[in-house]
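This report refers to the structure that appears directly beneath it.
Chain letters run A, B, ... following the sequence lines, proteins first, then strands; residues in each count from 1.
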Amino acid sequence: MKRISEFEVFVPAEVGMKVDATLFISDKIRLEEDALNQLKDACKIPTVKKVLATPDIHIGYGVPIGCVVAAEEVIIPAAVGYDINCGMRVLKTNLYAGDIETAELAKSIRRDIPLGEGKENIRLTREEFECVLEEGVKGLYKIRRKDHFVWDFLEKEDIKNVLPLIEDCGSMKGDASAVSARAKERGQNQLGTLGGGNHFIEIQEVVSVKDKKTAGEWGIFEGQMLIMIHSGSRGLGHQIGEDYMSLAKSKNYGEPHPSRELCYIPLNEKEGEEYVKAMHSGANSAFANRHIMSLLVKKNLLFYYPNAEINLLYDVPHNIAKLEEHFGKKMWVHRKGATRAFPGKRMVQTIFEKTGQPVLIPGSMGSFSYLLVGKNENEKSLCSTNHGAGRRMSRTQAAGKIRHRDGKVLKEGAISDEEFRKSMEGITLICENKHTIKEEAPQAYKDIDEVIRVVEGANLAAVVAKMRPLAVLKG
DNA sequence: ATGTGC
């Protein structure tokens, strides 16, 4: 390994690696040895073209979270991850956060959005759900029901104005026939649910605007109340990941796979094509899930503030693979815990042509979040940046008691209740599971300000505005 | 991440 600059480390190809790797990381950020090994494994995929890590890198399944893997001719389910199209969405309002009873609003939102694992909300028929799997948010608009107010909200929305505010217009080329019945069963009634783990809904205040011009174009101002949503494809995406990762493992596709966890599928095989269709279906479901949640948030805001305006700023996936052209070559760019950060020149004929795409980066619960924009100089990261702060402690390390088989507690979590309480002072916290919430403590994550310093220093993206949390809803 | 695992 060789440090090239304050923000960049070069990992030369070792035996078995087809390409070098690049890490966008500073000395202040600890790099787990296993995460580096997983990154090296990704470099062993036969047709891999580029592998890089963002400063939020940490251990994942097969491939680290916080990395980009670009390859030709193969698709790599583990480089997308289990939560297909997990992503961020920001809703902007015309309100000053200081004028709003944010704790009350958060409590009210909770009544409409189930938090935590295994929850269901909007019930669909199999046919309706398949329509969402194939067309995403566009498919949602085709559903005509009357049994929930979200359908009335959808009917009133102008699809032409909404779809361009979602990456891929909230609709990838899905195919319900590539999704197992089990996956559909798990996901069919889960639209409009948050999920668990690091998923959240946060009411935030814009504390500073760094790029006034871009912020102005986007309708962002100091003191503004924003609502940030982080969620994914729930049980559906997880089952799709499981189905295709076990399929990939069971097959022998030529050269040995880099690790037991890291399998790839050639795209000239039927299974490779099928995974892409299933992945798109999972992505569509996640887009629809975040869209439904936005409407549920909107209803609650309008209940308290009938004259309020609330509009989508943007919706970005951070667990997805896409066919993109880089360095004159078309390749499958897998972003796992990484966000596309297209500059304006890659957003031609969209409303973000002038500014570049909005990049939505949450900090950990209780810390700042950031709104950024893609930079012209970020081709070296395949126009990608990080997706968040990134874990620095495992879940069990943070809060979980590591138990011996006989039930005796061997080791207490690294974060005390007192420490946790202090880090959340002044923030309304609404959570489903008080026993696991410390897994998401700010102390369990890297320092978001340092991560963002690397992102800007390495020219991956530029800060437009910074937000602080006022109220947070968690699983 | 996940109706969270032998």
Side-chain angles (χ1 to χ4, degrees), chain A residues 35 38 56-67 76-89 114-121 123 179-201 229-246 260-262 278-279 281-283 285-287 289-290 293 316-321 334-339 362 364-365 387-391 393-407 431-433 435-440 444-445 474-475:
Chain A
Q38 287 183 331
D56 51 349
I57 181 174
H58 59 105
I59 300 167
Y61 181 84
V63 169
I65 295 155
C67 85
I76 314 152
V80 171
Y82 277 106
D83 192 358
I84 296 166
N85 191 5
C86 182
M88 304 298 311
R89 168 179 279 238
L115 314 174
E117 291 158 8
K119 297 287 163 56
E120 301 193 331
N121 195 3
R123 306 188 75 81
V179 178
S180 69
R182 193 170 179 204
K184 288 175 195 168
E185 272 154 33
R186 286 181 68 175
Q188 190 164 326
N189 298 323
Q190 285 196 315
L191 293 188
T193 63
L194 183 71
N198 60 4
H199 291 166
F200 66 82
I201 296 172
I229 299 173
H230 178 207
S231 188
S233 49
R234 313 284 291 100
L236 173 96
H238 190 268
Q239 190 61 46
I240 293 171
E242 206 174 301
D243 290 342
Y244 282 91
M245 279 188 238
S246 71
R260 193 185 60 82
E261 292 181 354
L262 177 50
M279 175 188 73
S281 306
S285 170
F287 282 135
N289 185 30
R290 293 195 287 273
M293 278 192 276
V316 295
H318 51 227
N319 278 2
I320 195 76
H334 302 69
R335 294 189 179 89
K336 184 183 189 184
T339 311
S364 61
M365 175 172 73
H387 83 306
R391 283 200 163 272
M393 281 181 207
S394 71
R395 290 179 194 283
T396 41
Q397 199 187 349
K401 296 175 170 78
I402 298 169
R403 285 173 193 278
H404 194 256
R405 264 190 293 267
D406 62 12
C431 72
E432 183 71 11
N433 190 340
H435 303 291
T436 55
I437 191 68
K438 272 198 290 179
E439 296 177 0
E440 293 300 317
Y445 282 84
K474 296 279 302 179

[Y] and [X], any side-chain heavy atoms less than 4.5 Å apart:
| X | Y | result |
| --- | --- | --- |
| A:Gln239 | A:Glu185 | no |
| A:Asp56 | A:Ile65 | no |
| A:Leu236 | A:Gln190 | no |
| A:Met293 | A:Arg89 | no |

Worksheet item: Checking all strands, does A:Gly237 fall into the base, sugar-phosphate, or nothing category for heavy-atom contacts under 4.0 angstrom?
Response: nothing
Discussion item. Once you apply a heavy-atom cut-off of 4.0 Å, does A:Gly232 come out as touching a base, just sugar-phosphate, or nothing?
Written reply: nothing
Worksheet item: Any salt bridge between A:Glu440 and A:Arg391, counting N to O under 4.0 Å?
Response: yes
Starting at [atom1] of [X] and ending at [atom2] of [N], how long is that distance when rounded to a whole Å?
| X | N | atom1 | atom2 | answer |
| --- | --- | --- | --- | --- |
| A:Glu432 | B:dG3 | CD | P | 13 Å |
| A:Lys474 | B:dT2 | NZ | P | 10 Å |
| A:Met279 | B:dA1 | CE | C1' | 17 Å |
| A:His238 | B:dG5 | NE2 | C1' | 12 Å |
| A:Tyr61 | B:dG5 | OH | C1' | 13 Å |
| A:Glu120 | B:dT2 | CD | C1' | 14 Å |
| A:Leu236 | B:dT2 | CG | P | 12 Å |
| A:Glu185 | B:dG3 | CD | P | 13 Å |

Can you see if the side chain of [X] gets near the phosphate of [N] - specifically, an N or O under 4.0 Å from OP1 or OP2?
| X | N | value |
| --- | --- | --- |
| A:Gln190 | B:dG3 | yes |
| A:Asn319 | B:dA1 | no |
| A:Arg234 | B:dA1 | no |

Item to complete: Name all residues meeting the ring pair (Phe, Tyr, Trp, His ring centres under 6.0 Å) criterion together with A:Tyr82; count only those two or more places apart in sequence or in a different chain, and write none if there are none.
Response: A:Tyr61, A:His238
Worksheet entry | Worked check of side-chain hydrogen bond (donor to acceptor under 3.5 Å, both in side chains) between A:His318 and A:His230 | CA-CA 10 Å; A:His318 51 227; A:His230 178 207; 3.2 Å; yes
Discussion item. Just to be sure I understand the geometry, which residues of residues 78-85 of chain A put a non-hydrogen atom under 4.0 Å away from DNA chain B?
Written reply: A:Tyr82, A:Asp83
